[in-house]
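Each remark here refers to the structure printed beneath this line.
Because the structure is a prediction, the values reported are computed rather than measured.
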Amino acid sequence: MGRRQIFAGNWKMFKTYNEAVELAKGLSAGLNKAGGREYVLFPPSVYLKDLSSLCAATPFVTGAQNMYFENQGAFTGEISPVMVKDCGAGFVLIGHSERRHIFHETDENVNRKVITALFHNIQPMICVGELIEEREKGETSAVLNRQIRGAFSGIEKEAVSTISIAYEPVWAIGTGKVATPEMAEDAHIVIRKIIHELYGDEVSNSIPILYGGSVKPDNIEGLYKMPDIDGVLVGGASLEVKSFLDIINVNFNKSSS
Ligand code: PEP
């Protein structure tokens with residue numbers, strides 16, 4: 001059986017409430033649901049509850065862009081897994097490069113958040129990827145090894161079935177510099193090998209690995225045709241109905257390829 005295919009939009013800290021609602025409505029009106037694809041929207045968390053209700057009658061599900069690893073407490077400004085669940089979100093992004101590099105999240109934080117998400121039945125989408133300096137020094141595999149092994153530390157094989165990974169080279173995020181399909185595929189193969197070393201055949205063959213980093217309507221097809229790219233995580237181009245629909249409606253059917 002083929003792997004899950006996931007198309008996700010990360011709206012980051014963009015959109016007013018009304019704009020977010022209009023965007024979600026426009027997307028659900030224009031979606032050509034291709035067999036077997038899953039669609040996830042990661043809006044700002046203050047809109048999660050309303051957008052989860054709005055998406056309930058559509059193929060889209062919602063996710064939080066981040067969350068803390070405690071259920072409640074004196075953690076001003078944070079949102080908890082209980083709140084994420086309560087707002088109807090099914091996914092959470094963990095370790096997005098903006099969290100790692102602007103907010104100094106460590107591999108240990110990422111791991112605690114993944115464990116917490118699994119405990120609360122929220123599907124973690126773990127983001128990994130190297131900086132341009134790391135790629136230029138030939139350290140991409142070492143970085144991916146550190147980030148993946150850190151994120152999965154202490155997590156048993158039986159617990160990982162709802163986890164997805166987004167490979168997002170930091171130099172490609174929001175820059176317009178997309179990885180070539182071959183570069184992305186090579187990194188996805190490295191990631192799958194690490195997962196194989198950790199969990200064996202079944203998990204490494206089934207875990208969805210998405211590509212993210214300047215995905216646009218004009219490059220989606222080349223990326224999505226690569227055998228180890230199981231969907232995409234889109235930032236900038238997910239903020240407009242037309243560009244995101246052109247991506248998520250890409251006319252290439254993985255499940256029959
Ligand atoms: C992202 O935010 O995860 C992302 C990939 O952004 P962009 O598509 O704008 O590069």
Legend entry - Step-by-step side chain to side chain contact (heavy atoms under 4.5 Å, CB included) determination, Asp201 to His196: CA-CA 6 Å; Asp201 277 346; His196 186 264; 2.7 Å; yes

Inset, instruction - Report the C-alpha separation of Phe252 and Ile220 in whole Å, then their side-chain angles, then the decisive distance to 0.1 Å, and conclude whether the side chain to side chain contact (heavy atoms under 4.5 Å, CB included) test is met. - result: CA-CA 10 Å; Phe252 180 71; Ile220 178 64; over 6 Å; no

Legend entry - From CA spacing to verdict: side chain to side chain contact (heavy atoms under 4.5 Å, CB included), Asn66, Leu93: CA-CA 6 Å; Asn66 179 37; Leu93 280 183; over 6 Å; no

Legend entry - Residues Ile195, Ile165; criterion side chain to side chain contact (heavy atoms under 4.5 Å, CB included); working and verdict: CA-CA 10 Å; Ile195 296 294; Ile165 297 173; 3.9 Å; yes

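At least one donor-acceptor pair under 3.5 Å links the side chain of Arg37 to the backbone N or O of Ile248. Trp11 places no side-chain N or O within 3.5 Å of a backbone atom of Pro44 that could act as its donor or acceptor partner. Put simply, the side chain of Thr116 gets close to the backbone of Arg112: a donor and an acceptor are under 3.5 Å apart. Counting only distance, with no hydrogens or angles, the side chain of Asn32 and the backbone of Asn249 share no donor-acceptor pair below 3.5 Å. In this structure, the side chain of Asn111 does not engage the main chain of Gly154 through any donor-acceptor pair within 3.5 Å. Side chain of Glu134 to backbone of Glu139: no donor-acceptor contact under 3.5 angstrom is found. Side-chain atoms of Asn109 come within 3.5 Å of backbone atoms of Thr106 as a donor-acceptor pair (strictly under, hydrogens ignored). Remark: side-chain polar atoms of Gln147 are paired, donor with acceptor, to backbone N or O of Gly129 under 3.5 angstrom. Here the side chain of Ser164 pairs no donor or acceptor atom with the backbone of Pro208 at under 3.5 angstrom.
Note on Phe244: it does not cluster hydrophobically with Leu210, by side-chain heavy-atom contacts below 4.5 Å among ILVMFWY residues. By the rule that hydrophobic residues join a cluster once side-chain heavy atoms approach within less than 4.5 Å of another member, Val190 and Ile126 end up as members of one cluster. Placement of Ile173 and Ile191 in two distinct hydrophobic clusters is found when ILVMFWY residues are connected by side-chain heavy-atom separations under 4.5 Å, directly or transitively. Hydrophobic clustering of Ile, Leu, Val, Met, Phe, Trp and Tyr side chains at less than 4.5 Å, counting indirect connections, unites Tyr39 with Leu23. Each of Ile247 and Val61 belongs to its own hydrophobic cluster when Ile, Leu, Val, Met, Phe, Trp and Tyr are linked at side-chain heavy-atom distances under 4.5 angstrom.
Shortest non-hydrogen contact noted between Leu131 and Val170 is CD2-CG1, 3.8 Å. Across every non-hydrogen atom of Ser52 and Cys87, the tightest pair is OG-O, 2.7 Å. When all heavy atoms of Leu31 and Pro59 are compared, the closest pair comes out as CD2-CG, 3.5 Å. Pairing each heavy atom of Ala172 with each of Ser214, the nearest pair is O-OG, 2.7 Å. In this structure, Ala64 and Ala89 approach most closely via the heavy-atom pair N-CB, 4.2 Å. Taking each heavy atom of Pro81 and Ile122 in turn, the nearest pair found is O-CD1, 3.5 Å.
Residue-environment remark: CD (Glu197) exceeds the threshold of 12 foreign heavy atoms within 6.0 Å. Atom CD of Glu202 is surrounded by 12 or fewer heavy atoms from other residues, nucleotides or ligands within 6.0 Å. Around NZ of Lys216, the count of heavy atoms belonging to other residues, nucleotides or ligands within 6.0 Å exceeds 12.
Sorted by first and then second residue, the side chain to side chain donor-acceptor pair (under 3.5 Å) pairs involving residues 181-192 (not counting sequence neighbours) are Arg192-Asp228, Arg192-Asp230. Counting only residues at least two apart or on different chains, no side chain to side chain donor-acceptor pair (under 3.5 Å) pair has a member in residues 77-93. Applying the ring pair (Phe, Tyr, Trp, His ring centres under 6.0 Å) test to every pair with at least one member in residues 83-113, sequence neighbours left out, gives no pairs at all. Every pair tested for ring pair (Phe, Tyr, Trp, His ring centres under 6.0 Å) that includes a residue from residues 108-146 fails, sequence neighbours excluded, so the list is empty. Within the structure, salt bridge (Lys or Arg N to Asp or Glu O under 4.0 Å) pairs that include any residue of residues 93-107 comprise Lys12-Glu98, Arg99-Glu105, Arg100-Asp107, Glu105-Lys113, Asp107-Arg146 (at least two apart or interchain). For residues 154-163, the set of pairs meeting the side chain to side chain donor-acceptor pair (under 3.5 Å) definition, not counting sequence neighbours, is empty.
Distance check, rounded to the nearest 0.5 Å: CZ of Arg135 to OG1 of Thr140 gives 4.0 Å. Atom CD1 of residue Ile148 and atom CD1 of residue Ile207 lie 7.5 Å apart, to the nearest 0.5 angstrom. The distance from the OG1 atom of Thr58 to the CG atom of Leu41 is 7.5 Å, given to the nearest 0.5 Å. The CD atom of Glu19 lies 9.0 Å from the CD atom of Glu240; values are rounded to the nearest 0.5 Å. Rounding to the nearest 0.5 Å gives a distance of 11.5 Å between OG of Ser45 and CE of Met13. One distance of note links CG of Leu198 with OG of Ser204; it measures 10.0 Å at 0.5 Å rounding.
Tyr211 pairs by the ring pair (Phe, Tyr, Trp, His ring centres under 6.0 Å) definition with nothing, not counting sequence neighbours. Every residue two or more places apart in sequence or in another chain was checked for a salt bridge (Lys or Arg N to Asp or Glu O under 4.0 Å) with Asp218, and none qualifies. Partners of Phe69 by ring pair (Phe, Tyr, Trp, His ring centres under 6.0 Å), not counting sequence neighbours: none found. Under the salt bridge (Lys or Arg N to Asp or Glu O under 4.0 Å) criterion, Lys25 pairs with no residue, sequence neighbours left out. For Phe7, the ring pair (Phe, Tyr, Trp, His ring centres under 6.0 Å) test picks out Tyr224, with sequence neighbours left out. Partners of Phe152 under the ring pair (Phe, Tyr, Trp, His ring centres under 6.0 Å) rule, at least two apart in sequence or in another chain, are Tyr199.
With no hydrogens or angles considered, a side-chain donor-acceptor pair links Glu130 and Trp171 at under 3.5 Å.
Inter-residue side-chain proximity for Val234 and Asn10 is flagged as unmet; no heavy-atom pair is nearer than 4.5 Å.
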